[in-house]
Colleague: 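Below is one structure. I have some questions about it.
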Number of protein chains: 2
Amino acid sequence: MTDGGRLPVGRILIGDCIEELRALPDRSVDLVFADPPYNLQLGGELLRPNNTRVDGVDDAWDRFGGFEAYDKFCRAWLAECRRVLKDTGTLWVIGSYHNIFRVGAIVQDLGFWILNDVVWRKANPMPNFRGKRFTNAHETLIWAARSEDSRRYTFNYDAMKALNDDQQMRSDWFLPLCTGAERLKAEDGSKAHPTQKPESLLARVLLAASRPGDVVLDPFFGTGTTGAVAKRLGRRWIGIERDSGYAAVARRRIAEVEAVDDPLALALANRREQPRVPFGRLIEEGLIRPGEVLFDSRRRWFAKVRADGHLISDDHKGSIHSVGAAVQGAPACNGWMFWHAERKGMPVAIDVFRQQLRAAGEAPAARVGA
Amino acid sequence: MTDGGRLPVGRILIGDCIEELRALPDRSVDLVFADPPYNLQLGGELLRPNNTRVDGVDDAWDRFGGFEAYDKFCRAWLAECRRVLKDTGTLWVIGSYHNIFRVGAIVQDLGFWILNDVVWRKANPMPNFRGKRFTNAHETLIWAARSEDSRRYTFNYDAMKALNDDQQMRSDWFLPLCTGAERLKAEDGSKAHPTQKPESLLARVLLAASRPGDVVLDPFFGTGTTGAVAKRLGRRWIGIERDSGYAAVARRRIAEVEAVDDPLALALANRREQPRVPFGRLIEEGLIRPGEVLFDSRRRWFAKVRADGHLISDDHKGSIHSVGAAVQGAPACNGWMFWHAERKGMPVAIDVFRQQLRAAGEAPAARVGA
DNA sequence: GGCGGGGATGAATCGCGGT
DNA sequence: GACCGCGATTCATCCCCGC
């Protein structure tokens with residue numbers, strides 16, 4: 001905070017991030033948040049099942065000559081970020097599996113000390129349309145101190161705990177994408193930037209690892225989410241952005257932001273996630289065996305459990321709900337209450353097993369005594 | 001599966017994993033699951049960077065040396081894993097932020113093609129006792145095909161969907177730690193292995209990316225979780241383990257496992273393996289009449305059925321797919337879902353007739369018992 | 001004004017087999 | 001190896017529009 005006068009605080013530096021970083025003084029910044037190009041390497045076009053086109057990221061700024069060129073670029077900007085970082089400061093970088101492993105290895109090679117990797121679990125990710133992979137439902141953030149010896153980094157442990165119903169904040173964060181009114185639009189209504197991050201994500205980062213008045217640097221400023229959240233939370237900010245069009249959008253955006261009195265209120269957009277237990281989890285946990293036969297409470301209908309969590313009756317196969325409905329000829333059925341397994345000679349509704357799993361997951365200590 | 005006779009299937013190879021891997025033939029393994037060490041000692045040299053307390057330049061150099069040795073080790077075993085992997089096989093590696101970035105970068109450098117990174121969210125992680133970081137509540141798995149061109153890798157998409165209540169399986173998995181009765185104990189009651197993984201995690205990996213009879217290789221076998229789950233799920237397995245004590249525990253453990261014997265229970269939902277039914281068969285079987293008019297669900301477009309299985313609309317003729325695409329002006333169309341016929345005054349998708357044919361031809365014997 | 005259906009969309013490394 | 005046709009494949013969310 002003391003040397004902020006020499007810094008271009010509250011400004012967007014237009015230019016190459018490595019060159020602009022070189023002009024900043026040593027150990028002058030409290031937090032770096034970086035959302036670098038991911039080097040996605042997308043192939044042709046991807047169509048949704050309804051034949052509309054997925055608007056993938058194929059901008060020139062995301063294309064590199066190969067891993068070698070990408071690594072060289074990252075070594076350069078990460079080394080400069082380390083140089084400008086105070087010893088009490090920390091680095092945050094976000095990425096996906098396309099780039100985060102390379103970034104993480106370089107972060108370690110440069111002498112940073114990783115404190116956590118944090119997973120942003122997306123509440124509403126884009127599905128996998130071709131059924132060839134798992135839904136890519138998360139991105140990874142790396143949180144690192146300047147060096148192994150930088151033990152006095154800023155971490156607002158109690159603020160994070162307060163944000164999480166007085167339990168320690170975990171390394172997996174469940175937050176929605178940036179959509180709707182928050183998503184900046186161009187004049188033609190299209191998205192102003194292809195990879196705008198949600199303010200809730202930046203708010204959690206800044207509340208966790210910075211203090212009011214701290215200088216937050218974002219070397220890939222884009223449309224200025226970092227600056228907007230920093231201003232709102234009473235932090236100072238510096239942005240670096242190559243594209244003057246993005247920078248103009250960011251300037252207008254940040255000008256409209258007002259600082260808040262109650263910083264924690266901003267991050268409370270954190271809805272409590274409903275713990276969902278799919279039927280398949282009961283099989284994975286050994287509470288139900290593959291091949292076991294389930295039945296309704298009056299033993300009128302029977303169905304066999306498959307390893308993948310589907311049921312098979314004489315005429316139907318599918319989920320516990322759909323097979324339950326089908327055997328009864330009913331339009332719908334709550335399979336959790338309908339189907340039973342035999343335990344010690346007694347029928348037990350499978351919902352009982354689900355409750356066991358929920359209890360185990362919410363209160364791990366209880367499991368130890370079990 | 002065909003060359004399994006040359007492989008040491010169902011055995012634990014005691015020795016250095018790189019040497020033992022070298023003895024296995026090329027392209028002979030269907031899945032590799034690896035849980036490598038991240039603080040390993042090679043040749044008596046202690047590589048853990050935080051055990052060396054040196055100042056200044058020496059510190060950076062020493063740290064680099066530590067990572068270098070670890071990287072070299074990983075390049076060696078990962079290269080061998082890639083050599084023994086079939087083109088239809090995939091690699092799984094699990095790690096934490098200490099090592100997963102280095103592993104992931106090497107995986108990419110060796111030519112593997114990352115399909116997903118998967119986050120194991122721990123239901124009951126150890127808290128952070130000193131309040132200096134976020135609760136380290138997850139580990140990361142990397143799932144990769146042999147190369148970018150290996151497009152025929154095994155992925156049981158429908159089985160994963162079935163396990164997740166008929167929604168796509170996401171890249172974040174919520175599973176408990178290995179505790180309680182599942183956790184193997186030494187004679188003195190202490191845990192037999194420090195990093196034993198839960199069987200539920202391995203079960204999901206094997207159900208997702210292997211088939212019954214496949215050969216699953218684990219180069220860091222430990223106390224044999226991979227072997228135990230593989231046996232239970234009807235997969236074959238090969239383990240490599242340096243420590244004969246761990247291997248002995250693993251052998252006893254696996255001997256007690258019983259395979260799920262019911263093939264129906266192990267069968268996985270897999271729509272893709274259903275027999276192909278040409279549209280013309282529906283006409284031959286009398287389910288659709290030549291000259292009948294088909295239409296889309298909202299009756300915006302119509303086409304007449306020709307005896308040879310082609311459709312004719314006002315402006316187009318061809319297959320159900322090409323005419324469906326043409327009338328909509330879409331690049332492609334699944335004619336089976338698009339076109340409907342009228343039956344008892346109601347529109348019926350022609351896919352329903354195809355399902356009838358498949359059910360009739362597939363397993364008439366099974367229907368007898370119904 | 002409230003409600004419900006339809007459409008749009010999000011950092012995406014997203015066929016396959018027969019000829 | 002290239003070409004070509006079959007035909008498989010989506011979840012949460014928000015906005016807009018019509019009733």
Side-chain angles (χ1 to χ4, degrees), chain A residues 35-59 61-64 67 94-100 120 122-140 174 176-183 185 189-191 193-198 220 222 271, chain B residues 108 112-117 143-145 147-153 155 157-158 161 164-171 270-274 276-280 298 309 318-322 324-325 330-339 350-351 354:
Chain A
D35 182 11
Y38 286 9
N39 189 24
L40 282 189
Q41 310 168 74
L42 301 182
E45 65 174 15
L46 176 64
L47 296 180
R48 300 167 189 270
N50 64 3
N51 284 318
T52 60
R53 219 182 108 262
V54 172
D55 184 18
V57 175
D58 61 349
D59 305 67
W61 49 255
D62 196 48
R63 292 197 285 266
F64 292 81
F67 286 137
I94 185 168
S96 66
Y97 66 84
H98 309 82
N99 71 320
I100 199 65
W120 169 28
K122 300 180 182 182
N124 45 346
M126 186 163 69
N128 184 290
F129 294 115
R130 305 305 294 265
K132 300 296 290 181
R133 305 179 177 201
F134 300 99
T135 305
N136 192 1
H138 74 275
E139 295 190 24
T140 300
F174 185 75
L177 297 175
C178 178
T179 60
E182 187 187 327
R183 187 88 195 208
K185 301 293 195 302
S190 65
K191 52 193 176 193
H193 193 283
T195 71
Q196 185 183 342
K197 295 293 176 288
F220 305 96
R271 287 164 317 164
Chain B
Q108 291 180 309
F112 284 104
W113 192 245
I114 297 181
L115 300 167
N116 281 111
D117 59 336
W143 180 40
S147 81
E148 184 179 357
D149 302 320
S150 307
R151 300 202 171 93
R152 300 186 54 205
Y153 57 85
F155 177 50
Y157 172 80
D158 296 298
K161 193 170 175 177
N164 195 39
D165 286 349
D166 289 334
Q167 291 185 23
Q168 280 191 344
M169 185 68 81
R170 293 170 45 120
S171 57
N270 196 340
R271 241 167 282 172
R272 285 204 177 101
E273 288 183 0
Q274 292 184 3
R276 198 180 93 86
V277 177
F279 177 65
R298 292 165 67 181
S319 70
I320 53 172
H321 312 295
S322 63
C333 168
N334 183 345
W336 292 108
M337 308 307 297
F338 181 75
W339 294 111
I350 60 175
D351 191 55
R354 180 171 64 161

Colleague: Go through DNA chain D and write down every stem, that is, every run of at least three consecutive Watson-Crick or G-U wobble pairs with distances under 3.5 Å, as range with range.
Modeller: C:2-10 with D:11-19, C:15-19 with D:2-6
Colleague: In whole angstrom, give me the gap between the P atoms of dA8(D) and dA11(C).
Modeller: 30 Å
Colleague: Within the structure, does a side-chain N or O atom of H321(B) lie under 4.0 Å from either OP1 or OP2 of dC6(D)?
Modeller: no
Colleague: For G324(B), report the nucleic acid contact type (base, sugar-phosphate, nothing); a contact means any heavy atom under 4.0 Å.
Modeller: nothing
Colleague: State whether the distance check finds a donor on one side and an acceptor on the other, under 3.5 Å, for side chain R48(A) versus base dG10(C).
Modeller: yes
Colleague: When rounded to the nearest Å, what value does the distance between C1' atoms of dG10(C) and dC14(C) take?
Modeller: 15 Å
Colleague: Is P36(A) touching bases, backbone alone, or none of the nucleic acid, heavy atoms closer than 4.0 Å?
Modeller: base
Colleague: Taking atom C1' of dA8(C) as reference, at what distance in whole Å does atom CZ of R183(A) sit?
Modeller: 13 Å
Colleague: Find the distance D59(A):CG to dA12(C):C1' and express it as a whole number of Å.
Modeller: 14 Å
Colleague: Phosphate oxygens OP1/OP2 of dG5(C): is one of them under 4.0 Å from a side-chain N or O of R298(B)?
Modeller: no
Colleague: Does C333(B) reach a base, just sugar-phosphate, or nothing at all? Heavy atoms under 4.0 Å.
Modeller: base
Colleague: Nearest whole angstrom, please: distance from the C1' of dA11(C) to the CG of N39(A).
Modeller: 12 Å
Colleague: Would you mind classifying the nucleic acid contact of N116(B) as base, sugar-phosphate or nothing, using non-hydrogen atoms under 4.0 angstrom?
Modeller: nothing
Colleague: Contact class for R170(B) vs. all strands (heavy atom < 4.0 Å): base, sugar-phosphate, or nothing?
Modeller: nothing
Colleague: Work out how far the C1' atom of dG1(D) is from that of dC16(C), and round it to whole angstrom.
Modeller: 15 Å
Colleague: Could you state the atom-to-atom distance from NZ of K122(A) to C1' of dT10(D) in whole Å?
Modeller: 16 Å
Colleague: Looking only at the aromatic ring of each residue, does the gap between the centers of W61(A) and Y38(A) stay below 6.0 angstrom?
Modeller: no
Colleague: Side chains of Q41(A) and F67(A): closer than 4.5 Å at any heavy-atom pair?
Modeller: yes
Colleague: Looking at every strand, decide which applies to W120(A) at a 4.0 Å heavy-atom threshold: base, sugar-phosphate, or nothing.
Modeller: nothing
Colleague: So, do I94(A) and T140(A) sit near enough that their side-chain heavy atoms are less than 4.5 Å apart?
Modeller: no
Colleague: Ring centres under 6.0 Å, that's the criterion: do F112(B) and W143(B) meet it?
Modeller: no
Colleague: Under 4.0 Å, heavy atoms only, any strand: does I320(B) hit a base, just the sugar-phosphate, or nothing?
Modeller: nothing
Colleague: Answer with base, sugar-phosphate or nothing: what part of the nucleic acid does S96(A) contact at a heavy-atom distance below 4.0 Å?
Modeller: nothing
Colleague: Could you tell me whether R63(A) and D58(A) make a salt bridge, using a distance below 4.0 angstrom between a side-chain N and a carboxylate O?
Modeller: no
Colleague: Could you work out which one of dG10(C), dT10(D), dA12(C) sits closest to the side chain of K191(A)?
Modeller: dG10(C)
Colleague: Calculate the interatomic distance between N124(A) atom CG and dT13(D) atom P; express it in whole Å.
Modeller: 5 Å
Colleague: With a non-hydrogen cut-off below 4.0 angstrom, is N136(A) in contact with a base, only sugar-phosphate, or nothing?
Modeller: sugar-phosphate
Colleague: Using the side-chain contact (heavy atoms from CB on, under 4.5 Å) rule, take L46(A) and R130(A) through it: C-alpha gap first, then chi angles, then the decisive distance, then the call.
Modeller: CA-CA 9 Å; L46(A) 176 64; R130(A) 305 305 294 265; 4.0 Å; yes
Colleague: Nearest nucleotide by nearest heavy atom, which residue falls closer to the 5' end of DNA chain C, R152(B) or N50(A)?
Modeller: N50(A)
Colleague: Please tell me whether E139(A) and S96(A) have a donor and an acceptor in their side chains that are separated by less than 3.5 angstrom.
Modeller: no
Colleague: Say you pick atom C1' in dT10(D) and the same atom in dA8(C); how far apart are they, in whole Å?
Modeller: 13 Å
Colleague: Just the rounded figure in Å: distance from C1' of dC14(D) to CG of L177(A).
Modeller: 12 Å
Colleague: With sugar-phosphate meaning primed atoms plus P, OP1 and OP2, does K161(B) contact a base, only sugar-phosphate, or nothing at under 4.0 Å between heavy atoms?
Modeller: sugar-phosphate
Colleague: Take R151(B) and F112(B), find for each the nucleotide of DNA chain C with the closest heavy atom, and name the residue whose nucleotide sits nearer the 5' end.
Modeller: F112(B)
Colleague: Check this one for me: any side-chain N or O of R276(B) less than 4.0 Å away from OP1 or OP2 of dG7(D)?
Modeller: yes
Colleague: For P278(B), report the nucleic acid contact type (base, sugar-phosphate, nothing); a contact means any heavy atom under 4.0 Å.
Modeller: nothing
Colleague: Name the nucleic acid region contacted by E139(A), choosing base, sugar-phosphate or nothing; use a 4.0 angstrom heavy-atom cut-off, strictly under.
Modeller: base
Colleague: I want to check one thing: is the phosphate of dG5(D), taken as OP1 and OP2, less than 4.0 Å away from some side-chain N or O of S319(B)?
Modeller: no
Colleague: Thinking salt bridges, do D351(B) and R354(B) make one under a 4.0 Å N-O criterion?
Modeller: yes
Colleague: Using only heavy-atom distances, decide whether a donor-acceptor pair under 3.5 angstrom links the side-chain of K132(A) to the base of dA12(C).
Modeller: no
